[in-house]
Amino acid sequence: MKLTNFPLHTLKEVPKDAEIISHQLMLRAGLIRRLASGLYTWLPLGMRVLRNIQKIIREEMNHSGAYEILMPMVQPAELWHESGRWGDYGSELARFNDRHDREFCLGPTHEEVITDIARNEISSYKQLPLIYYQIQTKFRDEIRPRFGVMRSREFLMKDAYSFHLNEESLLETYDIMRNAYVRILERLDLKFSIEKADPGAIGGSLSEEFHIIDDSGEIEVGHIFQLGTKYSKSMKASVTDETGKDCPMYMGCYGMGVTRLVAASIQQNNDSKGIIWPKKIAPFNIVIIPINMKKSFRVKEISEKLYETLIQSGYDVLFDDRDVRPGAQFVDADLIGVTHRVVVSDKELDKDMVEYKGRSSDKTRMIKIDKVLDYLF
RNA sequence: CGGGGCAUGGCGCAGCCUGGUAGCGCAACUGCUUUGGGAGCAGUGGGUCGGCGGUUCGAAUCCGUCUGCCCCGACCA
């Protein structure tokens, strides 16, 4: 990606709305912009990070035998009356009426909808166990949204739901999902802990939370539940077992805050200059900084060639082809946290070298131009 | 929802006390110079000072009211 073609909008000063470091950096690096309290737009740079995280989540979900679906964000009140939560959920549930005066809500979670799917699609124990998941926008009318994307009202969540003939099967799948969560957080290089938790409004027996460890306390990014038959009983979602008897399905549900993971990662990986992305979620693998490209044809030619080579090799490369001074280039590259930095300058080209620096280190190193690929990967 | 704070150009702020028709830095645009850690000079554009009402010859400034936003607390991915 050539930077002159990429809408990167970094801020020099810290917006006064932002208190915690991840929120400040997300605004300064141009990942997000606030629309209203608890509502954020994701800009192109932020989308790249979000996509990388989603990719890892999808891979681990698919590996665990879960099937991706997409449910509506708007849900009819009838389902919530059936489960009993229309009354229980409180004002965090955003409700509205359509033009025919029917009641609806914006989905804060999807147990009702998935249970409705399950009771219609599943009728035999032979179809079980079954795991569905989706990555979708949720809306919870939080009493107090705060810390930017860390606790917003609208947010992107991965939610999975499993269905079983009996409790043993539920426990087995619960364990599989628990392991998938561990792998996801490990692949994201996050330091985390797992805590027993109160099932709260979601219900069920056992539940565990995945906490992100941070200096300023602990910011929860995942929560998994053994629901048992809470929803299947109230909403009559049953299957026939091998004896021909109708049994309510056992259910599990597994939530993960995708947008919150972005903030959590920044919260754990930053320095005074900006974000230090873990390799797998960085918006770009490499940034190429040509020094004074406008004056030096050699710098221009060689950095463009290097850019093409790295692109051909399948890497996400950011080529800072702006006509700005080197200082501005360095500062932006550090702020947005690109993993590898290659500087092309006349000074080093005289020796057929370019300069390399990793974002997480402050040592620079000279590399022969034709060895850059080998060195980096 | 309770408590505290803030609202002036895209961002950060001054001006308000002591009313006289809006200013600084950054960002943006143009030109020249500059080019290894957010450049310099010159010039340009952009604000009904959060909304409404009141006081006054005159309100960003004083009074009333509403709204929005942020922080602390109980809840959540």
Side-chain angles (χ1 to χ4, degrees), chain A residues 8-20 23-24 27-28 30 33-39 53 57 89-93 107-110 134-160 181 184-185 192 197-202 207-212 217 219-225 253-264 272-274 289-296 299 320 322-336 341 343-349 354-355 357 362 364:
Chain A
L8 177 72
H9 302 124
T10 57
L11 303 175
K12 195 179 276 189
E13 289 170 284
V14 181
K16 69 167 178 180
D17 283 357
E19 182 80 2
I20 62 169
H23 189 198
Q24 293 177 354
L27 291 168
R28 288 226 295 136
R33 293 279 109 103
R34 187 180 63 76
L35 176 66
S37 179
L39 305 176
I53 291 178
I57 292 175
Y89 215 93
S91 48
E92 200 172 297
L93 186 67
T109 178
H110 278 68
Q134 66 172 349
I135 294 177
Q136 192 240 23
T137 299
K138 299 282 186 279
F139 187 87
R140 295 181 184 178
D141 197 358
E142 293 281 347
I143 294 170
R144 181 154 90 89
R146 58 176 136 175
F147 301 145
V149 130
M150 202 64 100
R151 188 188 304 175
S152 50
R153 291 192 292 175
E154 188 173 310
F155 59 96
L156 201 60
M157 177 163 136
K158 186 285 302 173
D159 45 328
Y181 271 46
I184 289 168
L185 296 177
F192 64 96
D198 177 358
I202 308 289
S207 91
E208 289 175 292
E209 294 174 345
F210 290 74
H211 290 254
I212 291 305
I219 10 188
E220 179 191 349
V221 293
H223 200 161
I224 57 179
F225 304 80
C253 85
Y254 318 90
M256 185 170 255
V258 183
T259 37
R260 187 177 274 188
L261 282 170
V262 179
S272 60
K273 295 174 184 168
I289 298 184
I291 301 291
N292 204 4
M293 179 172 86
K294 215 175 177 188
K295 283 274 172 63
S296 168
V299 167
D320 191 350
R322 295 175 301 176
D323 181 24
V324 295
R325 294 164 66 93
Q329 295 178 299
F330 292 139
V331 166
D332 275 338
D334 285 339
L335 178 60
I336 68 175
R341 185 183 86 185
V343 177
V344 181
S345 69
D346 271 320
K347 194 174 73 184
E348 301 304 330
L349 286 180
V354 293
E355 177 196 287
K357 186 174 111 46
D362 40 37
T364 58

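Numbered from 1 within each chain, the chains take letters A, B, ... in sequence-line order.
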Chemist: Just how far, in rounded Å, is P of B/C69 from CZ of A/Phe147?
Modeler: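 Interatomic distance, CZ of A/Phe147 to P of B/C69: 17 Å.
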
Chemist: Say we look at B/G37 and B/C32: how far apart would their P atoms be, to the nearest angstrom?
Modeler: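 Per the computed distance, 25 Å lies between those P atoms.
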
Chemist: Within the structure shown, what part of the strands sits under 4.0 Å from A/Gly257 by heavy-atom distance: base, sugar-phosphate, or nothing?
Modeler: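 Base contact - A/Gly257 has a heavy atom under 4.0 Å of at least one base atom.
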
Chemist: Roughly how many Å apart are B/G20 and B/A60, using the P atom of each and rounding to a whole number?
Modeler: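 Those two atoms are separated by 9 Å.
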
Chemist: Does A/Arg144 make a side-chain donor-acceptor contact with the base of B/C76, cut-off 3.5 Å?
Modeler: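 When only heavy-atom distances are counted, A/Arg144 does not reach the base of B/C76 through any donor-acceptor pair under 3.5 Å.
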
Chemist: Please confirm whether any donor atom in the side chain of A/Asp332 sits under 3.5 Å from an acceptor in the base of B/G38, or the reverse.
Modeler: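 By the distance-only test, yes, there is a pair.
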
Chemist: Given the P atoms of B/G2 and B/G54, what is the spacing between them in whole Å?
Modeler: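 The answer is 30 Å between these two P atoms.
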
Chemist: Using a 4.0 Å heavy-atom cut-off across all strands, classify A/Arg153 as base, sugar-phosphate, or nothing.
Modeler: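 Nothing: the residue A/Arg153, judged by heavy atoms under 4.0 Å, touches no strand.
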
Chemist: Would you indicate what A/Lys158 reaches in the nucleic acid, counting non-hydrogen atoms under 4.0 angstrom: base, sugar-phosphate, or nothing?
Modeler: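 No contact.
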
Chemist: Do any side-chain nitrogens or oxygens of A/Lys12 fall under 4.0 Å of OP1 or OP2 in B/A27?
Modeler: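 Answer yes for this pair, as a side-chain N or O of A/Lys12 is under 4.0 Å from OP1 or OP2.
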
Chemist: Give me the distance, rounded to whole Å, that separates B/C63 from B/C69 when you measure between the C1' atoms they each carry.
Modeler: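 Their C1' atoms lie roughly 24 Å apart.
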
Chemist: Answer yes or no: is there a donor N or O on one side and an acceptor on the other, between the side chain of A/Arg153 and the main chain of A/Arg140, under 3.5 Å?
Modeler: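 Here the side-chain-to-backbone pair does not exist.
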
Chemist: At under 4.0 Å between heavy atoms, what does A/Tyr181 touch on the DNA or RNA strands: base, sugar-phosphate, or nothing?
Modeler: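 Nothing, no nucleic acid heavy atom in range.
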
Chemist: If you take all heavy atoms of A/Ser37 and A/Pro145, which pair is closest and at what distance?
Modeler: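 So the minimum-distance heavy-atom pair works out to OG-CG, 3.5 Å.
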
Chemist: Can you tell which of B/G37, B/U35, B/C75 lies closest to the side chain of A/Arg151?
Modeler: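 Selected nucleotide: B/C75.
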
Chemist: What is the separation between atom CZ on A/Arg325 and atom P on B/U35, rounded to the nearest whole Å?
Modeler: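 Going from A/Arg325 (CZ) to B/U35 (P), I get 8 Å.
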
Chemist: Just call it for A/Asp17: base, sugar-phosphate, or nothing, with non-hydrogen atoms closer than 4.0 Å on any strand.
Modeler: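 The answer is sugar-phosphate, as A/Asp17 gets under 4.0 Å only of primed atoms, P, OP1 or OP2.
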
Chemist: Do the side chains of A/Phe330 and A/Arg341 get nearer than 4.5 Å, heavy atoms only?
Modeler: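 Result yes, sub-4.5 Å side-chain heavy-atom pair found.
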
Chemist: State whether A/Arg260 places a side-chain N or O below 4.0 Å from either non-bridging phosphate oxygen (OP1 or OP2) of B/C76.
Modeler: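 So the side-chain polar atoms of A/Arg260 never come under 4.0 Å of the phosphate oxygens OP1 or OP2 of B/C76.
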
Chemist: Within the structure shown, what part of the strands sits under 4.0 Å from A/Asp159 by heavy-atom distance: base, sugar-phosphate, or nothing?
Modeler: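 A/Asp159: no heavy atom of the nucleic acid under 4.0 Å.
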
Chemist: C1' atom, B/C62 versus B/C70: distance in rounded Å?
Modeler: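 Taking atom C1' in both B/C62 and B/C70, they lie 27 Å apart.
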
Chemist: Is there side-chain contact between A/Leu349 and A/Val344, with heavy atoms separated by less than 4.5 Å?
Modeler: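 The answer is yes, as the side chains (C-beta and beyond) meet within the 4.5 Å cut-off.
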
Chemist: Examine the side chains of A/Gln136 and A/Asp159 and answer whether a donor and an acceptor come within less than 3.5 Å of each other.
Modeler: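 No.
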
Chemist: A/Ser37 side chain N/O closer than 4.0 Å to the phosphate oxygens (OP1, OP2) of B/C70?
Modeler: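 Yes, within the criterion.
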
Chemist: Using heavy-atom distances to pick each residue's nearest nucleotide on RNA chain B, tell me which of A/Ile291 and A/Val149 is more 5'.
Modeler: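 Comparing both residues, the 5'-ward one is A/Ile291.
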
Chemist: To the nearest Å, give me how far apart CD (A/Glu208) and P (B/C76) are.
Modeler: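 Atom CD in A/Glu208 sits about 16 Å away from atom P in B/C76.
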
Chemist: Report which part of the nucleic acid A/Arg28 touches: base, sugar-phosphate, or nothing (heavy-atom distance under 4.0 Å, all strands).
Modeler: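 Base, at least one base atom sits under 4.0 Å.
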
Chemist: How would you label the contact of A/Ser296 with the nucleic acid (heavy atoms, under 4.0 Å): base, sugar-phosphate, or nothing?
Modeler: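 Answer is nothing: A/Ser296 stays at 4.0 Å or more from every strand.
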
Chemist: Is any side-chain N or O of A/Glu13 under 3.5 Å from a base N or O of B/G25, one able to act as donor and the other as acceptor?
Modeler: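 Checked by distance alone, the answer is yes.
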
Chemist: Please give the distance between the C1' atoms of B/A27 and B/U44 as a whole number of Å.
Modeler: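 After rounding to an integer number of Å, I get 15 Å for this pair.
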
Chemist: A/Ser345 near the nucleic acid: base, sugar-phosphate alone, or nothing, with a heavy-atom cut-off under 4.0 Å?
Modeler: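 It contacts base atoms.
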
Chemist: Considering Watson-Crick and G-U wobble pairs with both distances under 3.5 Å, what does B/C49 pair with?
Modeler: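 Its partner is none (no Watson-Crick or G-U wobble pair with both distances under 3.5 Å).
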
Chemist: In whole angstrom, give me the gap between the C1' atoms of B/G9 and B/A42.
Modeler: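 After rounding to an integer number of Å, I get 22 Å for this pair.
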
Chemist: Roughly, in whole Å, what's the span from CD in A/Glu142 to P in B/A77?
Modeler: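 In whole Å, B/A77 P and A/Glu142 CD are 9 Å from each other.
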
Chemist: Please tell me which of the listed nucleotides, B/G38, B/A77, B/A74, lies nearest to the side chain of A/Ile143?
Modeler: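 The closest nucleotide is B/A74.
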
Chemist: Is a donor-acceptor pair below 3.5 Å formed from side chain A/Glu355 to base B/G36, judging by atom type as modelled?
Modeler: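 Indeed there is one.
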
Chemist: Can you figure out which of B/C13, B/G36, B/A74 approaches the side chain of A/Glu348 most closely?
Modeler: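 That would be B/G36.
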
Chemist: State, to 0.1 Å, how close A/Ala18 and A/Gln24 come at their nearest heavy-atom pair, and which atoms those are.
Modeler: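 Closest heavy-atom pair between A/Ala18 and A/Gln24: O-NE2, 3.3 Å.
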
Chemist: Look at all strands and tell whether A/Val258 reaches a base, only sugar-phosphate, or nothing, counting heavy atoms closer than 4.0 Å.
Modeler: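 If one applies the 4.0 Å heavy-atom cut-off, A/Val258 turns out to touch nothing in the nucleic acid.
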
Chemist: For the side chain of A/Lys347, counting heavy atoms from C-beta on, which of B/C76, B/G36, B/C13 is nearest?
Modeler: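 Out of B/C76, B/G36, B/C13, the nucleotide with an atom closest to A/Lys347's side chain is B/G36.
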
Chemist: Any side-chain heavy atom of A/His211 within less than 4.5 Å of one from A/Ile219?
Modeler: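 They are not in side-chain contact.
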
Chemist: With RNA chain B as reference, determine whether A/Glu19 or A/Met157 sits nearer its 5' end, using the nearest nucleotide of each.
Modeler: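 On the 5' side of the pair lies A/Glu19.
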
Chemist: Could you check how far CZ of A/Arg322 sits from C1' of B/C29, rounded to whole Å?
Modeler: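 Result: 17 Å.
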
Chemist: Kindly give the heavy-atom pair with the smallest separation between A/Val299 and A/Asp346, and that separation in Å.
Modeler: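 Minimum heavy-atom contact is CG2-N, 3.6 Å.
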
Chemist: Using a cut-off of 4.0 Å on non-hydrogen atoms, how would the nucleic acid contact of A/Ala36 be classed: base, sugar-phosphate, or nothing?
Modeler: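 Sugar-phosphate, no base atom in range.
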
Chemist: Please classify the nucleic acid contact of A/Tyr89 as base, sugar-phosphate, or nothing, using heavy-atom distances under 4.0 Å.
Modeler: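 Here A/Tyr89 touches no strand at all.
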
Chemist: Output the rounded distance in Å from CG (A/Asp320) to C1' (B/G37).
Modeler: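 After rounding, the gap between these two atoms is 13 Å.
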
Chemist: Side chain of A/Arg260, backbone of A/Val149: donor and acceptor closer than 3.5 Å?
Modeler: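 It does not hold such a pair.
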
Chemist: Under 5.5 Å between ring centres and under 30° between planes: true for A/Phe330 and the base of B/G36?
Modeler: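 Here the ring of A/Phe330 and the base of B/G36 are not stacked, as the 5.5 Å and 30° limits are not both satisfied.
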
Chemist: Within the pair A/Arg33 and B/G10, is there a side-chain N or O less than 4.0 Å away from OP1 or OP2?
Modeler: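 The answer is no; no side-chain N or O of A/Arg33 sits under 4.0 Å from OP1 or OP2.
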
Chemist: When rounded to the nearest Å, what value does the distance between P atoms of B/G40 and B/G36 take?
Modeler: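 One P to the other, the span is 15 Å.
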
Chemist: Between P on B/A77 and CZ on A/Phe139, what's the gap in Å once rounded to a whole number?
Modeler: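 Answer to the nearest Å: 16 Å.
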
Chemist: Quick one: label A/Thr10 by what it contacts on the DNA or RNA (base, sugar-phosphate, nothing), any heavy atom closer than 4.0 Å.
Modeler: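 Base contact - A/Thr10 has a heavy atom under 4.0 Å of at least one base atom.
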
Chemist: If I take atom CD1 in residue A/Ile336 and atom P in nucleotide B/G38, what distance separates them, rounded to the nearest angstrom?
Modeler: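 Answer to the nearest Å: 18 Å.
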
Chemist: Which of the following nucleotides, B/A74, B/G12, B/G36, is nearest to the side chain of A/Pro326?
Modeler: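 From the listed options, B/G36 comes nearest.
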
